[in-house]
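Here is the structure we will look at.
As a basis for the values below, the full set of heavy atoms in this structure was taken, side chains included, without hydrogen atoms, waters or symmetry mates. Numbering of ligands and ligand atoms starts at 1, following listing order. By convention here, the first residue in the shown sequence is residue 1.
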Amino acid sequence: MRRIETVAALRRYIAAAPRPIGLVPTMGALHAGHISLVDAARDDCRTVVVSIFVNPTQFAADEDLAQYPRPIDRDLAMLRDSVADAAFTPDAAEMYPPGFATTIAVGGPALPLEGAMRPGHFAGVATVVAKLLLAAAPDRAYFGQKDGQQVAVVRRLVRDLHIPVDIVVGPTVREPDGLAMSSRNVYLSPDQRAAAPAVHRGLLAARRRYVAGERDRAALEAACGQALAGVREITRIDYVALVDADTMAPWEGAGRPMLAVAVRMGATRLIDNLLLDGD
Ligand code: AMP
């Protein structure tokens, strides 16, 4: 596996690589969720490039940029094992050289939920994803349903800017007890970790109501909220929102209903979602 650290070297590599090329953008601290996307790319593509870049512009000043785990040697070993062809591991100065002054602001699906809780987050995401797509020029780019709003934002970005890439979405990979895998799960204390599957239980409770025929948005949100309400380790519920999976607007009965949840356990935020029609 090649390790590539500059955009110029990535372009040279891409120019000679057999197509189709698949790109899996990540922030590292890889787990089975990321590897499922690498596996999907491996199945579809002749060249698989995985980027590892903890993107500073998608973190607010009070967020966990400094503490975000960066086990680069372990990540590279996992990518070797999953037979990726190249790891693109630029540093912040390579991606954002002095004088960098361009930001892509997505409206629409980027505005509610995480967009409201984390101002500037999706501008950082959209800007770095656009840069990665322009640098790697992949035929396909792979994202996880775990970050369902990010999927909607990236799809809109690619459509609005006519970026010639297919966006492929992989299902959320979970721990055996239902907790969605996340690089941030290492922040949880043992008690918080034991309580964290409540989020998935809430999502499943709402899905059961949906499958039984419930179509009232408030009732479906409440079914999930009830499962979270009694959990002492959940110190705040940021939102429980049933939205249209493509627009992120409140679900009105058409389109694909996505139930999105964000909770805090002390300083750690957990986000998760379920497509009620099936993942
Ligand atoms: P991150 O490193 O958190 O930026 O995630 C990189 C990619 O992996 C994103 O497209 C995520 O949605 C995806 N991802 C993260 N966790 C999971 C998971 N548990 N299951 C599937 N995909 C995931």
Quick one: does [X] get a heavy atom under 4.0 Å from ligand 1?
X     : answer
His31 : yes
Ala32 : no
Ala29 : no

Q) Looking at CG of Leu179 and CG of Leu270, how far apart are the two atoms once the value is rounded to the nearest 0.5 Å? A) 6.5 Å
**Q.** Reported CD1-to-CG distance for the pair Ile271 and Asp238, which is rounded to 0.5 angstrom
**A.** 10.5 Å
Q | Contact atoms of ligand 1, heavy-atom distance to Phe143 under 4.0 Å | A | 10 (O)
Q. Hey, which atoms in ligand 1 end up nearer than 4.0 Å to a heavy atom of Thr172?
A. 20 (N), 21 (C)
Q | Whether Phe59 and Tyr68 hold their rings parallel, tilted or perpendicular, with breakpoints at 30° and 60° | A | perpendicular
For ligand 1 and [X], I'd like to know whether there is a polar contact (N/O to N/O, distance under 3.5 Å).
X      : value
Leu37  : no
Gly170 : no
Met181 : yes

Residue, atom name and distance, where the atom is the protein heavy atom closest to [atom]:
atom                    : answer
atom 5 (O) of ligand 1  : His34 NE2, 3.4 Å
atom 21 (C) of ligand 1 : Pro171 O, 3.4 Å
atom 11 (C) of ligand 1 : Asp147 OD2, 3.1 Å
atom 23 (C) of ligand 1 : Lys146 CB, 3.9 Å
atom 6 (C) of ligand 1  : Pro25 O, 3.3 Å
atom 4 (O) of ligand 1  : Met27 CG, 3.5 Å
atom 10 (O) of ligand 1 : Gly144 N, 2.9 Å
atom 20 (N) of ligand 1 : Val173 N, 2.8 Å

Q) Within a radius of less than 6.0 Å around CZ of Arg19, do more than 12 heavy atoms belonging to other residues, nucleotides or ligands occur? A) yes
Q) Checking salt bridge (Lys or Arg N to Asp or Glu O under 4.0 Å) against Glu63, which of Arg269, Arg184, Arg118 comes through? A) Arg118
Q | Minimum-distance pair of heavy atoms, taken over all atoms of Arg207 and Gly278 | A | NH2-CA, 3.6 Å
Q: Taking all heavy atoms of Tyr142 and all of Cys45, pick out the closest pair and write down the distance.
A: OH-SG, 3.4 Å
(Q) Exactly one of Val153, Val151, Leu157, Val158 should register a side-chain contact (heavy atoms from CB on, under 4.5 Å) with Arg155. Which one does? (A) Val151
**Q.** Lys131 vs Phe53, side chain to side chain contact (heavy atoms under 4.5 Å, CB included): CA-CA, chis, key distance, verdict
**A.** CA-CA 12 Å; Lys131 286 167 66 66; Phe53 180 59; over 6 Å; no
Q. Does the distance from a Lys or Arg side-chain N to an Asp or Glu carboxylate O, for Arg174 and Asp272, drop under 4.0 Å?
A. yes
